[in-house]
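What follows is a single structure, written as structure tokens, with notes after it.
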Amino acid sequence: MPELPEVETVKTSLNTLVSGKTIREVRVYYSPMVEGSIWDFQNALKGKTVQSVSRRGKYLLWHLGDTTLVSHLRMEGKYYLKDVDAQKDKHEHVVFVFDDGESLHYHDVRKFGTFVLRETETLFATPPLDKLGPEPLSEAFTPDALRPYLKGERSIKTVLLDQRTVAGIGNIYADEILYCAGVHPKTKAKSVRDADTLVRCVCDILIKAVRDGGASIRSYKNTLGESGRFQLNLNVHTREGEPCRACSHTIVKTKVGNRGTYYCPHCQKR
DNA sequence: CCCACTGTTTTAGG
DNA sequence: GCCTAAAACAGTGG
């Protein structure tokens with residue numbers, strides 16, 4: 001499911017729903033999702049209070065004092081707050097039980113999501129967060145920060161999807177950003193000269209998507225079970241065969257780096 | 001039934 | 001270092 005705008009929306013929900021709660025117990029029903037031993041994982045979390053939840057790229061960070069829980073939703077991960085005695089759904093693989101009788105259920109049909117515990121002190125110096133590029137909505141993401149990546153033979157879409165370039169862009173938003181910038185997704189990175197426009201489009205698209213609570217294309221729902229609204233504002237992604245909103249030419253679907261890729265052949269030239 | 005596809009990331013092999 | 005294909009997994013649609 002989630003790219004930066006969706007993860008940001010989940011982060012906001014989790015902050016209101018679980019900040020200040022103390023973990024009484026953690027139940028793990030599918031252990032490959034958790035790094036290391038389940039026993040260590042459960043014991044490290046037991047008794048910890050959730051100070052806040054933040055986001056770095058597509059990762060959710062549960063701040064627990066000396067320890068930070070790093071959660072990645074991958075394709076389909078979702079969190080739902082339930083009563084402690086609620087029936088566990090078939091696709092719920094981790095349940096956090098709080099001492100106030102509520103529980104947070106991690107739901108993930110494809111079981112791709114991951115949980116790792118890190119010492120807060122070295123959180124950003126150890127995988128998986130150590131190689132991430134700048135936050136696209138921070139001051140650190142500037143044309144000068146992007147320019148070093150605008151070289152080489154890789155396609156510009158591949159570069160935007162590389163989390164080392166900038167953190168949080170995935171398949172939907174890469175397509176929308178390149179449409180905004182008027183750049184064909186297969187353009188070689190070295191041929192993209194206008195770093196300013198690209199940075200502006202990254203910010204524009206992501207800010208609007210965050211404002212809309214993310215995009216719900218197939219399965220994405222936020223922690224309150226609500227759909228996002230940004231799918232209504234998509235210009236190219238999932239619009240194969242439909243007319244471009246700007247020029248009426250037909251939106252085309254192709255593959256770039258093995259990912260389904262949509263673009264307008266008239267507005268986006270190589 | 002079979003194949004392709006799906007919002008991610010990592011890894012193997014050329 | 002690059003690129004591709006495949007892997008982790010489950011569901012859906014043609």
Side-chain angles (χ1 to χ4, degrees), chain A residues 1-11 29-35 55-60 70-79 89-94 106-116 126-133 136 148-178 185-191 205-206 209-210 212-223 226-241 253-262:
Chain A
M1 103 189 162
E3 305 177 35
L4 184 149
E6 292 77 27
V7 180
E8 179 69 18
T9 304
V10 172
K11 179 211 79 177
Y29 299 94
Y30 183 72
S31 57
M33 218 166 242
V34 172
E35 181 187 70
R55 179 191 59 71
R56 175 78 174 95
K58 302 174 193 172
Y59 293 88
L60 288 164
V70 181
S71 160
H72 197 301
L73 307 173
R74 292 289 181 101
M75 297 290 268
E76 307 227 27
K78 302 168 185 66
Y79 285 104
D89 181 277
K90 172 185 177 185
H91 296 297
E92 291 171 350
H93 310 301
V94 181
Y106 178 73
H107 182 287
D108 190 339
V109 169
R110 296 179 69 181
K111 300 179 178 168
F112 286 174
T114 58
F115 291 92
V116 303
T126 50
L129 304 182
D130 58 336
K131 295 290 196 299
L132 288 180
Y149 296 94
L150 299 183
K151 56 187 183 188
E153 304 290 319
R154 301 155 85 197
S155 73
I156 186 62
K157 178 167 179 179
T158 301
V159 169
L160 288 179
L161 288 175
D162 187 337
Q163 301 298 296
R164 294 171 298 188
T165 309
V166 53
I169 296 173
N171 205 34
I172 298 174
Y173 296 105
D175 284 356
E176 295 301 311
I177 288 161
L178 290 172
K186 289 187 179 177
T187 308
K188 291 175 182 177
K190 69 179 182 186
S191 307
I205 297 290
L206 294 180
V210 169
D212 279 357
S216 295
I217 290 181
R218 33 200 304 273
S219 69
Y220 169 72
K221 294 270 173 53
N222 72 17
T223 301
E226 301 165 336
S227 295
R229 297 175 303 280
F230 191 72
Q231 65 278 9
L232 304 172
N233 293 319
L234 293 174
N235 283 311
V236 285
H237 197 83
T238 70
R239 296 194 65 237
E240 181 184 21
K253 181 178 185 184
T254 182
K255 278 200 162 199
V256 177
N258 251 336
R259 311 295 304 276
T261 297
Y262 302 82

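By convention in this document, chain letters (A, B, ...) are assigned in the order of the sequence lines, proteins followed by strands, and residues within each chain are numbered from 1.
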Between atom [atom1] of [X] and atom [atom2] of [Y], what is the distance when rounded to the nearest 0.5 Å?
X: Ile156(A); Y: Leu178(A); atom1: CD1; atom2: CG; answer: 6.5 Å
X: Ile169(A); Y: Ile205(A); atom1: CD1; atom2: CD1; answer: 10.0 Å
X: Asp108(A); Y: Lys78(A); atom1: CG; atom2: NZ; answer: 7.5 Å

Please tell me which of the listed nucleotides, [options], lies nearest to the side chain of [X]?
X: Arg164(A); options: dT4(C), dC2(C), dT8(B); result: dC2(C)
X: Glu3(A); options: dG7(B), dT9(B), dG11(C); result: dG7(B)
X: Lys90(A); options: dG7(B), dG11(C), dC3(C); result: dG11(C)
X: Asn258(A); options: dT6(B), dA5(C), dT8(B); result: dA5(C)
X: Arg74(A); options: dT8(B), dG7(B), dA10(C); result: dT8(B)
X: Tyr30(A); options: dT9(B), dA5(C), dA8(C); result: dA8(C)
X: Thr158(A); options: dC9(C), dT9(B), dC3(C); result: dC3(C)

Distance, rounded to the nearest Å, where [X] contributes [atom1] and [N] contributes [atom2]:
X: Glu240(A); N: dG14(C); atom1: CD; atom2: C1'; result: 14 Å
X: Lys190(A); N: dG1(C); atom1: NZ; atom2: C1'; result: 15 Å
X: Lys78(A); N: dT8(B); atom1: NZ; atom2: P; result: 13 Å
X: Phe112(A); N: dT6(B); atom1: CZ; atom2: C1'; result: 10 Å
X: Tyr173(A); N: dG7(B); atom1: OH; atom2: C1'; result: 9 Å
X: Lys131(A); N: dT9(B); atom1: NZ; atom2: P; result: 15 Å
X: Ile217(A); N: dT6(B); atom1: CD1; atom2: P; result: 11 Å

Check: Can the ring centres of Tyr173(A) and Phe230(A) be said to be less than 6.0 Å apart?
Finding: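 That pair passes the under 6.0 Å test.
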Does a side-chain N or O from [X] land closer than 4.0 Å to OP1 or OP2 of [N], or not?
X: Lys58(A); N: dT9(B); value: yes
X: His72(A); N: dT8(B); value: no
X: Arg110(A); N: dG11(C); value: no
X: His91(A); N: dA10(C); value: no
X: Lys111(A); N: dA7(C); value: no

Margin query: For dA8(C), give the paired nucleotide (Watson-Crick: N1-N3 plus N6-O4 or O6-N4; G-U: N1-O2 and O6-N3; both under 3.5 Å), or none.
Written below: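 dT8(B) - that is the nucleotide pairing with dA8(C), both distances being under 3.5 Å.
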Next item on the list: Could you check whether Gly113(A) gets within reach of a base, just the sugar-phosphate, or nothing at all, counting any heavy atom under 4.0 Å?
Entry: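 Result for Gly113(A) = nothing.
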Notebook entry, point to check: Do Glu153(A) and Lys190(A) sit within salt-bridge range, that is, some charged N less than 4.0 Å from a carboxylate O?
Noted result: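 Salt bridge flag = yes for Lys190(A) with Glu153(A).
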